[in-house]
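On a predicted model such as this, the values are computed, not experimentally measured, just so you know.
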Amino acid sequence: MSEQSTLMRRSALPFLGLFALPLGWALLFLIVPYMIMIAISFWTRQFPLFVPDFQFGNYLQLFSDPQYYTVILRTAKIATMVTVAAICLGYPLAYFLVFVIKTERMRALLYMLVIVPLWVSYLLRTYTWKTILGTDGALNSALKWLGLIDQPISLFLYNQWSMVITLTYIFVPFVVMPVFASLENIPRNLIEASEDLGMRPFGTFLRVILPLSAGGVISGATVTFCLAFGDFVAPVLVGGPDGTMVANLLQSQFGAALNWPLGSALATVVLLIVMALLWVSARLDRAGRVALG
Amino acid sequence: MKARKRIASLALGVVAMGSAATAQELSILTWEGYAPESITKPFTEATGCTISASYVGSNDDFAAKLAAGGSVYDIITPSSDTVQLLTLAGFVDPIDPAMVENYAGIYPEFAQNPALVSDGSTWAVPLVWGSVSLIYRPDQISGTPDSIAVLFDPAYAGKISMWDDKSAIYWAARYLGYDNFFDLTDEQLEAVKAKLIEQKPLVRKYWASAGELTELMANQEVYVSNAWTGLTSKEVNALNKGFTVAEFSPKEKSEGWMDAMMLVKGTPNQDCAMKYMSFMQSPEGQCALAASTGYFPVNPAAVEACMDEQTKKERQVGNIDFVKSLVMWQQPVRLDKYIEVWNAVKAAP
């Protein structure tokens, strides 16, 4: 309310000058496309293309035909596995950088090393995993050279595990960054106080450090889950016949099937899932803060 | 986009002292192997038009790319079973055959195909034809395979690949002994779907482009797959990986296809487009395409002098009856249903 009165007092011109571009941008490239997408989700596929309509058949199809909900569930499963794995790897890494590394320069250097892969094309990094995990790949060659196996192991590539490994590698930095920031922001005197009061290191971690870095974990997990949920490159490059994810379904509805209405309905459902997730994540973050207060 | 491109090429032309002032870029949406330097270079030298090519992985990509709009492409080269769909969708303009040099030399069975010539208009000009057969590693597959059954053989679990395309349905249908491949009943489609889902644990990867299949074969990920006859075997064997691949036509028949050139609706590069179609019917164009892909020329008159007798025999020149030994692709009566079935197979666990 006070914001509004502040706005009222100021003249509209500078306000528009400052915000017209971002607001116009959001309207033109986010709001309007979403509206179009939602509108098309009620259209009807009619050979050879599709026609404007208002009916719920597309949504009905999504929830009655197993090929759609199977894939949505599979996508959620893979995204969850990737998120858990990325936190299990990313949290200790961030902790190590903040609390174990003593010199500032070393910390900055190692932090950069975690971030640097993000400068390399995502496609290239995914493709690299194919050359590592393949039948004639680096991993099999190394195991053969060590004498551990005679025949290459084909289980490394073209299945859901290879997708989880690849996506985890890609998204670990997205966990490290927010966790690193939240760990760095913990006032050191809180940790000292805990120790002074006789808390063992593990107790201090559980009751002080972990709760105070929960915000970083939640935001890292949210970003990782949402990005993994929408990924379509890993299934194509390192996934096998059972690796179809929801983004691949979307691609085929807008591509080969030429069924934009069904594709739009699916995209709308995905959008709702992601929005629900963001809402839960925001709630969790707030609840965490209150508990600490 | 187009306007800016034209301004850019105009500016370039001025810099290049006018020689490039008339140069136009022809955008072609086509298949891998269809725009090698052996075609683009002489074409540009002869006409002043340059070629920029993009590639599709299946016939279903053409309509999808055109539906996305933006008038990006000038020429597309779908197979004859997809020509009607693109015509009906209004994505293309009719072609005046009189503008295509050597048009008379094309097999009439192809040029006058009812899918290509309808409502008194010509919608597509044949480009090249060929088959989809089976590719395999003779050193890894025991005996001499002669049947589609090899794609469903548990002995090769994890070493089988299939083209990520609705035509997987035709393969399973032939394996199951159906002969109405393009008009399967609901029960037959259910059986086909069950067969393909049963096959999934044996499949290492569905390939989505010729390049991907080449990689799968070359890196020893798979030993057998269906493949665009000629192209993949040529590419893999050229890599000298210490093994070779061979092809065979199963007793249940291979599939046959014929790709045709279509003119995208309202293209501003009509002049270059017609020159391209003429060039591709010339001896130079037909022979270069046949050499780069391993496929069969559609214009026997054009290749008369530029192809040796042995190659002519291999590429069925003058032997249009070879189509009778193939299952020539047709648009499925219920195309949507077929694509839905194939998507259901891919989505299955």
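- For chain A, the option among L85(B), V345(B), L88(B) with the highest count of heavy-atom pairs below 4.5 Å is L85(B).
- Closest heavy-atom contact between R204(B) and P241(A): O-CD, 3.2 Å.
- Within the 4.5 angstrom heavy-atom criterion, atoms from both the backbone and the side chain of L157(A) approach chain B.
- In this structure, L258(A) and A63(B) approach most closely via the heavy-atom pair CD2-CB, 3.7 Å.
- Counting all heavy atoms, side chain and backbone alike, A347(B) lies closest to Q67(A) at CB-O, 3.5 Å.
- Proximity to chain B is limited to the side chain of Q253(A), based on heavy atoms less than 4.5 angstrom apart.
- Both the backbone and the side chain of A67(B) come within contact range of chain A, judged by heavy atoms closer than 4.5 Å.
- Counting non-hydrogen atoms of neighbouring residues, nucleotides and ligands closer than 6.0 angstrom, the OH atom of Y34(A) reaches no more than 12 such neighbours.
- To the nearest 0.5 Å, the span separating CG on N343(B) from CG on L249(A) amounts to 7.0 Å.
- Contact of the D65(A) side chain with the E340(B) side chain is registered, since non-hydrogen atoms from C-beta on lie closer than 4.5 Å.
- For F232(A), the CZ atom sits in a loose shell: 12 or fewer heavy atoms of surrounding residues, nucleotides or ligands are nearer than 6.0 Å.
- To the nearest 0.5 Å, atom CD of residue E221(B) and atom NZ of residue K130(A) are 8.5 Å apart.
- Using a 4.5 Å heavy-atom cutoff, the side chains of Y158(A) and V222(B) are not in contact.
- Annotation: maximal heavy-atom pairing with chain B below 4.5 Å, among D136(A), N248(A), L49(A), occurs at D136(A).
- For Q251(A), no part lies near chain B; criterion is any non-hydrogen pair under 4.5 Å.
- Atom CD of Q46(A) is surrounded by 12 or fewer heavy atoms from other residues, nucleotides or ligands within 6.0 Å.
- Using a 4.5 Å cut-off between heavy atoms, Q331(B) touches chain A through its side chain atoms alone.
- Of the listed residues (V236(A), N259(A), T131(A)), the one with the most heavy-atom contacts under 4.5 Å to chain B is V236(A).
- Only the side chain of L335(B) comes within contact range of chain A, judged by heavy atoms closer than 4.5 Å.
- Interface remark: T70(A) contributes side-chain atoms only to the contact with chain B (heavy atom separation under 4.5 Å).
- Closest of all the heavy-atom pairs between A256(A) and A64(B) is N-CB, 4.4 Å.
- Proximity of Y206(B) to T244(A): side-chain heavy atoms (C-beta onward) are nowhere separated by under 4.5 Å.
- Using a distance-only test at 3.5 Å, with no hydrogens or angles considered, no donor-acceptor pair links the side chain of K205(B) to the main chain of L237(A).
- Neither the backbone nor the side chain of L66(B) comes within contact range of chain A, judged by heavy atoms closer than 4.5 Å.
- Only the side chain of K159(B) comes within contact range of chain A, with heavy atoms under 4.5 Å apart.
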